[in-house]
Amino acid sequence: MHSKKRLSYALYALTFIFIAYLLLTWMYFKDNAVQLTAFRLLLWFIIIPISLFGFILILRWFRDKSDSKENKTELITNEKAELSSLETYRLFIKASISLPEGNSWSEIIDNKNDLTVLSEDLSDFDGLPILIKPIERVITEQNPLYLSQNKNDFEIEADNYEIYDETYNDDDEEDRAQSTDTLTLRLCALIDEQLRLSDELLSLLAQHFSYLEQDNDKPNSAIHIHPDWQPHYLMGANSSNHNSNHSSDMDDEESRKDLPAPALPKLSIYLCIPNLADADFLIRFIRQQLADYGIADSSFEVSIILADDDSHQPLDFIDEHLITLAKATTPVACMLITVDSQINEAWVESSLYETALDNTIPTEAGTLLFFSNKAAQEALNLENNSSILLTKVPNDTLNSLDNTTDADSDSLEATPLERDIRQHYAKNLQKIKHLLLNGTSTITPVDKPKMQSIERQNLEPIADGSTIKAITSKNNINALTDINPLEQAYNLSAFMTFIDSLIEKDVLVNEHHLGHYMPSNLWLKTYISLSLLVSQDELDKQESVLSFLITKHKNNCMLWLKYFSEAA
């Protein structure tokens with residue numbers, strides 16, 4: 001810093017001397033022109049001025065070099081500090097998905113067919129039938145209850161369903177009419193499709209909760225004790241059946257191995273639906289469907305998320321539930337079911353006519369995602385769940401900006417604020433590239449248990465100090481995004497630049513952009529891509545292939561990365 005000041009002072013002094021020299025020399029020879037020979041002209045007006053000017057340039061170069069070095073050092077320091085502060089969380093995810101293209105990665109990605117059809121029931125403002133994109137197999141495979149086109153058909157078919165008796169009574173004709181709307185029944189079909197695709201998972205959950213119910217009937221059951229004391233109680237009960245020689249460290253370890261893993265006390269189910277649907281009807285439908293698997297109402301709770309509510313976004317769900325879940329020491333799991341069908345008159349009237357120039361095709365989709373932490377994975381004895389690392393890459397500079405601005409707008413008439421927000425996506429990609437190539441983000445260990453017995457029995461921290469797996473050792477990379485190529489030209493361009501920087505590392509990158517499946521529903525846009533990442537991971541278990549997904553939110557980007565056991 002001092003050398004920089006000295007260089008600046010010397011530069012100013014030399015510049016002043018240079019100007020004064022030229023002025024004095026010109027004044028002298030103006031009055032003594034006869035003394036100006038060719039040699040003196042060359043010496044006083046060319047050699048000496050050029051020498052002084054050269055010294056000025058040299059001093060300025062040294063000063064600029066010093067400034068550049070300091071700025072670069074400060075930038076690198078700030079970038080390293082920012083990247084090192086990022087935390088990575090490990091989640092176990094099981095997913096199912098329903099799209100018009102299919103139910104799995106290979107069916108959806110490889111499907112090149114035109115699945116649009118002319119609707120027989122919906123028309124545009126000119127009275128002409130509109131193109132729609134339904135899930136045909138759900139219509140043909142579901143029970144007749146979902147195919148009912150009027151209330152009388154519904155009453156006849158619903159006699160065989162206990163849900164009908166729980167939901168309706170003859171004194172509430174208005175509620176019955178609301179609950180038999182075509183949208184709600186269609187969402188029932190999509191939910192049932194997700195539950196059937198997750199049959200194995202639901203069966204395991206039913207066995208787990210059934211075991212807990214049986215254990216609850218036993219006297220002095222540890223299930224009735226506070227979760228923090230449950231392992232202590234079990235360890236004490238186990239130790240009482242052994243002789244006193246088991247007080248040694250080795251025997252303590254053996255006794256802990258025999259202890260059952262802490263149980264998953266309750267399952268949280270979040271149902272994300274459009275606000276036009278009958279939420280109460282859908283909750284009762286889910287309860288009935290889970291009861292068929294043997295999962296009692298006391299084992300789970302259902303919460304409603306309205307997809308059209310701007311006050312609660314997918315990023316909020318990640319912050320409030322998924323990151324909290326990953327950090328928990330006790331078994332925690334939750335299920336997110338997101339279903340939406342745009343193939344109904346109410347949606348067409350409220351949405352399609354407003355965006356007629358966007359060529360939006362009404363479609364439908366559904367996803368079911370089961371998230372669990374390591375403790376729940378062990379408690380449920382799950383083996384096929386994908387292990388995913390989640391890293392949140394925030395934009396601190398966006399906190400002061402207007403959050404109502406559409407960050408994905410690529411309009412040519414975008415305001416300076418919108419253009420500035422779009423620029424942050426490229427900066428986030430640079431951070432993500434640094435994370436992938438250098439592995440600087442550490443896996444955040446779970447919260448330290450209050451008791452030593454819980455720590456040893458339940459959760460050993462996930463490789464303290466371990467890093468995200470560097471991709472330079474991989475020959476094949478699957479890069480997924482939730483970008484809609486038709487509507488987000490800038491984001492696509494920024495991502496392709498990001499891909500090119502990875503290709504320079506001599507790896508093969510296969511990119512897939514999944515944001516065009518359900519453009520009007522932010523929840524499906526985020527979790528369809530995550531479901532497809534999980535589906536791709538289940539399809540290709542080779543550890544030579546790295547897969548990651550980048551989902552973009554207004555103020556942040558989320559990096560979902562396939563976890564490798566050797567990275568621990």
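The first residue in the sequence is number 1, and the count goes up from there.
- Between the side chains of N476 and N510, at least one donor-acceptor pair of N or O atoms lies under 3.5 Å.
- Of all the heavy atoms in L183 and P274, the pair that sits closest is CD2-CG, 4.4 Å.
- Looking only at distances, no side-chain donor or acceptor of S198 sits under 3.5 Å from a matching main-chain atom of L195.
- In this structure, L522 CG and D309 CG are separated by 11.5 Å, a value rounded to the nearest 0.5 Å.
- The existence of a salt bridge linking K525 and D482 is excluded, since no basic side-chain nitrogen approaches an acidic carboxylate oxygen closer than 4.0 Å.
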Going through the distances and angles, do Y270 and H321 end up as a side chain to side chain contact (heavy atoms under 4.5 Å, CB included)? CA-CA 10 Å; Y270 300 93; H321 301 290; 3.1 Å; yes
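- For the pair S547/I477, no side-chain contact is recorded, criterion being any heavy-atom separation below 4.5 Å from C-beta on.
- Looking at heavy atoms from C-beta onward, L369 lies out of side-chain contact with M335 at the 4.5 angstrom threshold.
- In this structure a side-chain-to-backbone donor-acceptor pair under 3.5 Å is present from H208 to L264.
- For the pair T338 (side chain) and W523 (backbone), a donor-acceptor distance under 3.5 Å is absent.
- Residues L530 and I93 meet the side-chain proximity criterion, which asks for heavy atoms closer than 4.5 Å.
- A 4.5 Å side-chain heavy-atom check between W105 and H512 finds at least one atom pair inside the cut-off.
- The closest side-chain heavy-atom distance from L86 to P394 is below 4.5 Å.
- Residues L435 and V393 meet the side-chain proximity criterion, which asks for heavy atoms closer than 4.5 Å.
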Residue pair L514, T481: steps toward the side chain to side chain contact (heavy atoms under 4.5 Å, CB included) verdict: CA-CA 6 Å; L514 311 170; T481 75; over 6 Å; no
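- Side-chain contact, N103 with E107: no donor N or O sits under 3.5 Å from an acceptor N or O.
- Partners of Y517 according to the ring pair (Phe, Tyr, Trp, His ring centres under 6.0 Å) rule, which considers only residues two or more places apart in sequence or in another chain, do not exist here.
- When all heavy atoms of C557 and K552 are compared, the closest pair comes out as SG-CG, 4.1 Å.
- The side chain to side chain donor-acceptor pair (under 3.5 Å) check on Q342 picks up S520, with sequence neighbours excluded.
- Between R284 and D280 there is no salt bridge, since no side-chain N of the basic residue sits under 4.0 Å from a carboxylate O of the acidic one.
- Atom CD of E345 has 12 or fewer neighbouring heavy atoms from other residues, nucleotides or ligands inside a 6.0 Å radius.
- For the atom pair CG (L390) and CD1 (I318), the distance works out to 6.5 Å, reported to the nearest 0.5 Å.
- Legend: residues meeting side chain to side chain donor-acceptor pair (under 3.5 Å) with Q194, ordered by chain and number and at least two apart, are S96, S98.
- S535 places no side-chain N or O within 3.5 Å of a backbone atom of S531 that could act as its donor or acceptor partner.
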Derivation and outcome, side chain to side chain contact (heavy atoms under 4.5 Å, CB included), residues F92 and S386: CA-CA 5 Å; F92 293 87; S386 298; over 6 Å; no
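- Interatomic distance, D308 CG to L276 CG, rounded to the nearest 0.5 Å: 6.5 Å.
- Here the closest heavy-atom approach between residue T329 and residue A375 is recorded as O-CB, 3.7 Å.
- Using modelled atom types, no side-chain atom of S387 and backbone atom of Y563 make a donor-acceptor pair closer than 3.5 Å.
- Note that CG of L480 is 6.0 Å distant from CG of L533, once rounded to the nearest 0.5 Å.
- Put simply, the side chain of N111 gets close to the backbone of E101: a donor and an acceptor are under 3.5 Å apart.
- D297 is linked by a salt bridge (charged side-chain N to carboxylate O under 4.0 Å, His left out) to R287, counting only residues two or more places apart in sequence or in another chain.
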Under the criterion salt bridge (charged side-chain N to carboxylate O under 4.0 Å, His left out), I'd like the reasoning laid out for K94 against E538: C-alpha separation, chi angles, the key distance, then a yes or no. CA-CA 9 Å; K94 183 74 173 179; E538 294 175 351; 3.7 Å; yes
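- Atom CG of L549 is separated from atom CD of Q536 by 11.0 Å, given to the nearest 0.5 angstrom.
- Listed here is the closest heavy atom pair of C334 and L322: SG-CD2, 4.2 Å.
- Under the salt bridge (charged side-chain N to carboxylate O under 4.0 Å, His left out) criterion, the residue pairs touching residues 314-324 are D319-K392, with sequence neighbours excluded.
- I135 places a side-chain heavy atom less than 4.5 Å from the side chain of R186.
- No side-chain N or O of R90 forms a donor-acceptor pair with one of N373 less than 3.5 Å apart.
- With sequence neighbours excluded, no residue satisfies ring pair (Phe, Tyr, Trp, His ring centres under 6.0 Å) with F300.
- The CD1 atom of I191 sits 9.0 Å away from atom CD of Q289, with the distance rounded to the nearest 0.5 Å.
- Across all non-hydrogen atoms, the minimal contact from L325 to S372 is CD2-C, 3.5 Å.
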Between S268 and E301, does a side chain to side chain contact (heavy atoms under 4.5 Å, CB included) hold up when you go through it step by step? CA-CA 5 Å; S268 298; E301 57 183 359; 3.8 Å; yes
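- Salt bridge R137/E193: present, at least one basic N to carboxylate O contact under 4.0 Å.
- Side-chain contact check for M518 versus I528: some heavy-atom pair is nearer than 4.5 Å.
- Between L99 and A365, the shortest heavy-atom distance links the atoms CD2-CB, 3.4 Å.
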